[in-house]
Amino acid sequence: MKQLEIKHVYKDYPIGNKEKFTALTDINLSFKKGELVSIIGESGSGKSTLMNLIGGLDSQFEGDIIVEGINLRGQPDKILDKYRKNKVGFVFQSFNLIPHLSILDNVTIALTLSNVPEKVKVEKATALLSRLGLEKMLKRKPNQLSGGQKQRVAIARALINDPDIILADEPTGALDSGTTTQILEILKEIADEGKLVIMVTHSEKVASISSRIIEISDGKIVRDEKNKNYKKHKVFSQNKSFPKGEKQNLSYTSAIKLAFHNMWASKVKNILMAFGVAISISAMILMLSFGSGLTDYVTNVASDYNNPLVVPVSKQSTNMSSPLSGSWTDEEIETLKEELNTELKNQGSDFVVRDENLKRGFTMINIAGNLAKVTAIKDGEEVETPIFCLYTTPPTYNETNLIEGSFSGDGQVMFNSYIYQILGQDAVGQKVDVTVTMGGKTIQQNAEISAIVDTSVFENILCMYVDYDYLNSLVTAQDEVLSPTELYVITETEQQANILKTFISNSDKYSGSMEERLANMFSQMSNTISIALAIIAGISLIVSAIMILTVLYMSVTERTKEIGVLKSIGARRRDIHRIFTSESFLIGLLSGIAGILLSLVAFGIFTILFNSLLGFAPLSLRWYYFVLAIGISLIISILSGLYPSAKAAKLDPVEALRRE
Ligand code: ADP
Ligand code: MG
C-alpha cells in the first residue's frame, strides 16, 4: 500500500534579489509502509530539503507530495501542524533535545501539546523508554546522557504519538560505530513494525542495512534500488491502546510549566531581571505610600481641632519654609475684627465678633533647643529635657484631645505623650520646673502636670501646653508683653463659623490654624514630591519594560533551535506564543512579588529614618497598592513579551532547525 507519493517535485530557494537556487528537480518517488529507506548523497545534494518537504516543515514547493490522499503543497499551517503532530516523527543528527527538560518531559512534549493527561503521558513514555533501554534515565537531563542514549530519547520522542512516518536526518552522523549499529537496529525494528522510516545518511555502510537505497545528486534522483538481502525480523511493538490526543491543544497550565522549566534553567538571569523590575515596582509603592502618608498626616492634624464653633485665624505666613506666622499687634486684631464683621454682615449673618468672642493663643517652636526646657526629678535624679514646642491650649481642643487628666489652669502645664518616656506612666500629678526664655527674659516656674495631650503627630519630641491667661500672667510679671500668634473666633452656630472659615481660607492676608498651615504646607510639598516621584517611577517602569523585552528577545534567539524542534513536533504558532507569554507572565508575577517584598523593607527603613529625623513618618501603605503593584508588573511584562513571543511564533521551522 502506498503510504507516500512524491510527484514532479521542484524546490527553489530564493537567493538575493531575483535569483533562485533549485535544490530539487523533478523528484518522483513513492513509499510503502514497512520500508526502511536510506537517502544518500553528497553534502548539499538536497537530502534535507526533501526531508523537510516530506515532514511538512516546508509547504512552498512545486509538484505534489501526497500522504494518505492529502497533498501537502500549500496547506495552511493548521493542517501541517496537525500532520507533524500525528503523522510524522523527526529524528535529527544533533538530537535536538530540549536541554532544560527532563528525558521524560522531552519525550512527552508532543503529548503535552495535545493536552494528554499526565498519567497517560507518563505511562506511555515510560513504556517507550523502557523498550529503548532508558527506563533508569527518566529524571535525567539531556546533558547527562551519552550520544547514543540521546538519540534513543529522540527516537522515543518521535514515536510517542505513534506516527506512520519516521524521518531521520543523519541520525547516526554524530555517533560512533557501535552506537550507530544500535540506533540502526532500532530504526529497522520500527520499520518492521509497519512504519515508513526514511533516513538520510552519508554512509553506504549504514545504507546497506536498509530495505531500499535512494541516491540524490544535485537535486536529482540518480539511484533507487531495493536491497534484496533485507530481512524483516522481530517486530518492535508499541502498545497501541493509548488514545491519541488529537483534538486538544497545549493547555495554559502546561505552558506555564514549560515556561517555568525554562526560566529555572536560567535562574540567575531571571532573578536579576525580576530584581530590576522589583526596584521600579517598589519605588512605585513607596511613592504611593508617601502620598497617602502625607494625606493621613494632614487628616490627623486637621482632626486635632474638632470644635466646629471655633475658627482659628493667623497671619498668612509669607515664608513657605516656616509655617509659623508672626504675632498679632492690637491694631491688626482690630482690623481683623472689622473685616470679619463686614463679611458676616454681607453674608446676612447678624453675628458680631466682639472682644469676648476672640481668644488668643501663642505658639513657640524651640528648634535650637535652648529656649525652653523642663526639669524633673526622676528616681531621685534630676533630669532635664528641652521642650520642642510650647503651645497655649487652643480653644478648639476638648476632652477627646486628652489622653488622661484634665485641662490645665494656673500653676499647671500639660505635655504630649512623650513625657511618659521621661517621667514614666504616672507623669500626671507630678511637679516639674519649667524654664522658658522669651524676649531675652527667662521665666522659671514650678508647675504640676495636669494632663497628657494627644497630639497624634510629633510624638517623638516633647511639646508643652499651658493656659493662655496663665502664660500671659507669667510674662506680664516680667514686665513683658505676650503678643498672640494665634487668634480664635468663638462663634455661636456652625453657619457663622463656616462663613468665617471660608472668608479666611480665601483671604491672602490670613490663614487658619498653625496646624492648618502646616497641613497646607505638607500637601503642597507632597504634591511636588509626588509628581517628581511619579516621573521617576514611570521612567524606571519603562526601563524595566525595555529590560524584559531585551531579555525575552535574547531568549527567543537563544532558543531558536528549540522552537524549531517544537514546531517539528507539531506545536502551533499559538502554542509557541503561549509558552513565551507564560514566561513573561511568570516574570511579571515574580517581579511583582519581589517588588512588594522590597517595598516592605524600604518602607521599614524609611519609617525608622523619618521617625528619627521628623518625629513622624509620612508613609502609609494601603492593601490595594500591592494589588496595583502585581497588576502593573504583569501588564508591563506581558506587554514587553508580546513582540518576542510573536517573533518566536513566527519563526520558520526549517530556518530554525538549520540554525547552529
Ligand atoms: P543536504 O542535506 O543534502 O546536505 P540541503 O538539502 O540542506 O542539502 O541543501 C541543498 C542545497 O540547497 C544546498 O546547496 C544548500 O546550500 C541549498 N539551501 C538549503 N537551504 C537553503 C536556503 N534556505 N536558502 C538558499 N539555499 C539553501
Ligand atoms: Mg542535510
Side-chain angles (χ1 to χ4, degrees), residues 4 6-29 31 36-63 65 72-74 77 80 84 88-97 147 150-151 154-155 158 165-175 180 183-184 187 197-208 210 212-225 557 560-561 563-565 567-568 647-648 650-660:
L4 169 65
I6 301 177
K7 293 186 196 160
H8 306 295
V9 164
Y10 291 78
K11 170 70 193 177
D12 294 333
Y13 287 114
I15 43 171
N17 273 351
K18 281 187 183 140
E19 283 178 75
K20 54 187 187 176
F21 173 80
T22 303
L24 294 176
T25 312
D26 196 22
I27 304 290
N28 292 284
L29 290 167
F31 300 95
L36 175 60
V37 185
S38 280
I39 298 182
I40 59 170
E42 308 257 297
S43 180
S45 55
K47 307 180 296 292
S48 295
T49 302
L50 182 61
M51 295 293 263
N52 290 338
L53 297 188
I54 296 173
L57 286 170
D58 182 358
S59 61
Q60 303 305 308
F61 58 90
E62 282 159 53
I65 297 180
L72 294 184
R73 172 167 47 86
D77 285 348
L80 292 174
R84 289 196 300 269
V88 283
F90 287 89
V91 177
F92 305 94
Q93 174 176 3
S94 48
F95 324 122
N96 287 351
L97 300 178
K150 278 186 208 170
Q151 200 58 302
I155 291 172
I165 305 170
I166 295 288
L167 300 173
D169 196 342
E170 307 201 33
T172 59
L175 303 176
T180 296
I183 295 298
L184 291 177
L187 290 173
V197 178
I198 305 177
M199 72 175 163
V200 166
T201 178
H202 275 314
S203 138
E204 281 280 352
K205 196 169 152 252
V206 167
S208 66
S210 49
R212 176 176 168 190
I213 298 175
I214 295 170
E215 188 176 343
I216 301 189
S217 176
D218 288 337
K220 295 187 196 80
I221 308 288
V222 292
R223 171 160 70 124
D224 182 357
E225 54 192 35
T557 316
T560 301
K561 197 100 185 226
I563 295 163
V565 172
K567 289 206 162 176
S568 76
K647 186 181 149 74
K650 269 200 214 118
L651 279 181
D652 174 37
V654 175
E655 291 278 309
L657 285 169
R658 212 175 262 278
R659 194 78 62 89
E660 280 318 314

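What's counted below: heavy atoms across the whole structure, side chains too, no hydrogens, waters or symmetry copies. Both counts, for ligands and for their atoms, begin at 1 and track the order of listing.
Annotation: atom 9 (O) of ligand 1 to nearest protein heavy atom, Thr49 OG1, 3.7 Å. In terms of protein heavy atoms, atom 15 (C) of ligand 1 is closest to Phe21 CE2, 4.6 Å. Nearest non-hydrogen protein atom to atom 20 (N) of ligand 1 is Arg658 NH2, 2.9 Å. Protein heavy atom closest to atom 4 (O) of ligand 1, with residue, atom name and distance, is Gly44 N, 2.7 Å. For atom 25 (C) of ligand 1, the nearest protein heavy atom (residue, atom name, distance) is Tyr13 CB, 3.3 Å. With respect to atom 2 (O) of ligand 1, the closest heavy atom belonging to the protein is Ser48 OG, 2.8 Å.
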Which atom pairs, one a donor and one an acceptor, fall under 3.5 Å between side chains of residues 52-59 and the rest of the protein, sequence neighbours left out?
from  : atom 1 : to    : atom 2 : distance (Å)
Asn52 : ND2    : Ser48 : O      : 3.4
Asp58 : OD1    : Gln60 : N      : 3.0
Asp58 : OD2    : Lys11 : NZ     : 2.9

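Panel note: side chain Asn28, backbone His8; a donor-acceptor pair is recorded below 3.5 Å. A donor-acceptor pair is defined here as one N or O able to donate and one able to accept, closer than 3.5 Å; no such pair exists between the side chain of Arg212 and the backbone of Asp224.
Each protein N, O or S atom less than 2.8 Å from the Mg ion (ligand 2) was counted, giving 1.
Crowding of Asp218 atom CG: a count of heavy atoms from other residues, nucleotides or ligands under 6.0 Å not exceeding 12. Within 6.0 Å of atom CD in Glu225, more than 12 heavy atoms from other residues, nucleotides or ligands are found, so the atom counts as buried in its surroundings.
In this structure, the side chain to side chain contact (heavy atoms under 4.5 Å, CB included) partners of Glu215, at least two apart in sequence or on a different chain, are Ile40, Val222, Arg223. In this structure Tyr10 satisfies the side chain to side chain donor-acceptor pair (under 3.5 Å) test with no other residue, sequence neighbours excluded.
Near Gly46, the atoms of ligand 1 lying under 4.0 angstrom from a non-hydrogen atom of the residue are 1 (P), 3 (O), 6 (O), 8 (O), 10 (C). When each atom of ligand 1 is checked for a heavy atom of Glu655 under 4.0 Å away, the hits are 23 (N). Each of the following atoms of ligand 1 lies closer than 4.0 Å to a heavy atom of Ile15: 25 (C).
In Ser45, the parts holding a heavy atom less than 4.0 Å from any atom of ligand 1 are both the side chain and the backbone.
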